[in-house]
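All values below come from the heavy atoms of this structure, side chains included, with hydrogens, waters and symmetry mates left out.
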Protein chains: 2
Amino acid sequence: MDEFDRKILLCLQENAADSLEAIAARVGLSTSPCWRRIQKMEAQGVIQRRVALLDPDRMRVGVTVFVSVRTNRHNADWAERFCAAVVAIPEVVEFYRMSGEIDYLLRIVVPDIAAYDRVYKRLIQSVELYDVSSAFAMERIKYTTALPVTYAE
Amino acid sequence: MDEFDRKILLCLQENAADSLEAIAARVGLSTSPCWRRIQKMEAQGVIQRRVALLDPDRMRVGVTVFVSVRTNRHNADWAERFCAAVVAIPEVVEFYRMSGEIDYLLRIVVPDIAAYDRVYKRLIQSVELYDVSSAFAMERIKYTTALPVTYAE
DNA sequence: CGTGAAAACGTTATCTC
DNA sequence: GAGATAACGTTTTCACG
């Protein structure tokens with residue numbers, strides 16, 4: 001991956017609605033090679049897909065909660081049921097298995113604390129959990145879907 | 001916002017590359033009213049923008065680290081300098097001011113632990129921090145940019 | 001890689017019912 | 001809201017330098 005590809009990815013990560021012509025102009029290529037590069041990166045799976053980003057406040061999910069989960073049930077069957085239950089909750093937008101003290105970390109978006117409580121109850125009744133702790137975000141200072149392009153080979 | 005709008009948003013959050021015709025067919029409208037609804041939601045700012053999502057592994061940023069920051073400097077000047085420094089780091093993809101024990105939470109993406117250490121050093125030399133603790137994600141079980149549409153009015 | 005051009009396709013806008 | 005249509009722009013493919 002060369003400088004041109006990296007520039008194309010920077011553009012597409014910022015704004016995927018731009019025309020091919022506009023992208024080509026910005027990266028310093030003509031449309032044909034620019035188009036060929038985008039096709040190649042889509043075929044390779046570097047570019048996974050294009051999505052629309054919505055305004056959380058206007059969608060009434062302005063409250064972000066990070067939920068740390070600890071378990072005492074370290075077996076595959078439990079993990080499978082827990083993961084399936086969490087993935088099915090639409091308010092859970094991120095879900096990681098962690099190293100260290102905390103076993104799982106969830107990011108949840110809801111309109112208010114009452115709505116969070118309903119999600120929390122759904123969570124704890126899905127499977128047995130050892131410890132669940134919630135931390136509320138007061139302010140979203142940075143949120144980007146754009147990955148750094150500097151490490152790509 | 002009615003059921004049609006919500007269905008349109010579900011589609012666009014999944015795949016913004018689909019043609020208007022395909023979206024209209026899926027939500028059960030003809031192209032004209034579907035197009036008008038999308039235009040309206042873009043004008044209102046409900047739909048913020050369209051972006052390309054890249055594969056983290058192929059971009060060599062497969063390692064996700066959550067960094068919890070505590071400070072003893074609770075003044076506006078410090079906060080401004082800290083936020084400006086963090087926002088400028090491309091590896092930081094999410095950055096929240098939190099309630100409770102932790103003052104700030106960052107999500108950082110890097111290729112490996114050595115690269116994380118370089119970001120960590122950049123972070124701690126930017127401003128004085130009371131406590132910084134890192135938690136590594138072992139597995140990304142769910143990650144979506146799609147907000148739940150059920151709360152929108 | 002670049003240019004240029006043609007065909008195919010999708011979008012936008014308008015109008016009628 | 002549906003459906004039709006026309007103008008317009010973009011995407012895609014191609015041949016050639």
Side-chain angles (χ1 to χ4, degrees), chain A residues 1-56 58-60 90 144-153, chain B residues 1-56 58-60 90 144-153:
Chain A
M1 186 174 298
D2 63 11
E3 239 2 88
F4 286 126
D5 283 339
R6 270 187 276 271
K7 279 187 180 175
I8 290 169
L9 293 177
L10 278 174
C11 287
L12 289 178
Q13 286 194 114
E14 277 303 308
N15 183 0
D18 266 0
S19 72
L20 183 63
E21 210 176 351
I23 295 160
R26 211 172 317 154
V27 306
L29 285 174
S30 59
T31 55
S32 299
C34 188
W35 182 81
R36 285 193 286 257
R37 283 164 180 270
I38 293 170
Q39 293 301 310
K40 201 185 89 201
M41 290 192 285
E42 278 175 350
Q44 287 175 335
V46 176
I47 299 169
Q48 284 188 325
R49 56 207 188 113
R50 291 137 195 268
V51 299
L53 300 183
L54 310 185
D55 182 328
R58 288 180 177 276
M59 294 303 289
R60 284 220 315 143
T144 182
T145 55
L147 304 177
V149 300
T150 45
Y151 297 110
E153 287 140 353
Chain B
M1 185 173 297
D2 63 11
E3 238 1 89
F4 285 126
D5 283 341
R6 270 187 275 272
K7 278 187 180 174
I8 291 169
L9 293 178
L10 278 173
C11 286
L12 290 178
Q13 286 194 113
E14 276 304 307
N15 183 1
D18 266 2
S19 72
L20 183 62
E21 210 175 352
I23 295 160
R26 209 172 319 152
V27 305
L29 284 175
S30 61
T31 55
S32 302
C34 189
W35 181 78
R36 283 193 288 259
R37 283 164 180 271
I38 292 170
Q39 293 302 309
K40 200 184 91 201
M41 291 192 284
E42 277 175 351
Q44 286 174 336
V46 176
I47 299 169
Q48 283 189 325
R49 57 207 187 111
R50 290 137 194 268
V51 299
L53 299 184
L54 310 185
D55 183 328
R58 287 179 179 278
M59 293 303 289
R60 283 221 315 144
T144 181
T145 56
L147 304 178
V149 300
T150 45
Y151 298 110
E153 287 140 352

From CA spacing to verdict: side-chain contact (heavy atoms from CB on, under 4.5 Å), A:Met1, A:Val46:
CA-CA 10 Å; A:Met1 186 174 298; A:Val46 176; 4.2 Å; yes

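With rounding to the nearest 0.5 angstrom, the NZ atom of A:Lys40 is 12.5 Å from the CD atom of A:Glu42.
The interatomic distance linking B:Ile38 (CD1) with D:dG1 (C1') rounds to 16 Å, in whole Å. Between B:Glu3 atom CD and D:dG1 atom P there is a gap of 14 Å when expressed in whole angstrom units. Between the CZ atom of B:Arg37 and the P atom of C:dT12 there is a distance of 17 Å, rounded to whole Å.
Within the 3.5 Å criterion, the main-chain N or O of B:Ala152 finds a donor-acceptor partner in the side chain of B:Arg6. Here the side chain of A:Arg37 pairs no donor or acceptor atom with the backbone of A:Ser32 at under 3.5 angstrom. Remark: side-chain polar atoms of B:Arg49 are paired, donor with acceptor, to backbone N or O of A:Glu14 under 3.5 angstrom. Within the 3.5 Å criterion, the main-chain N or O of B:Leu54 finds no donor-acceptor partner in the side chain of A:Gln13.
Using five terminal pairs a side, the axes of the helix from C:dC1-D:dG17 to C:dC17-D:dG1 at its two ends make an angle of 20°, given in steps of 10 degrees.
Using a 4.0 Å cut-off between charged side-chain N and carboxylate O, A:Lys7 and A:Asp2 make no salt bridge. A salt bridge is defined here as a Lys NZ or Arg NE, NH1 or NH2 lying under 4.0 Å from an Asp or Glu carboxylate O, and B:Asp18 with A:Arg50 fails to meet this definition.
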How does each nucleotide of nucleotides 11-17 of chain D score, in 5' to 3' order, for protein heavy atoms under 4.0 Å: base (B), sugar-phosphate only (S), or none (-)?
SBBB---

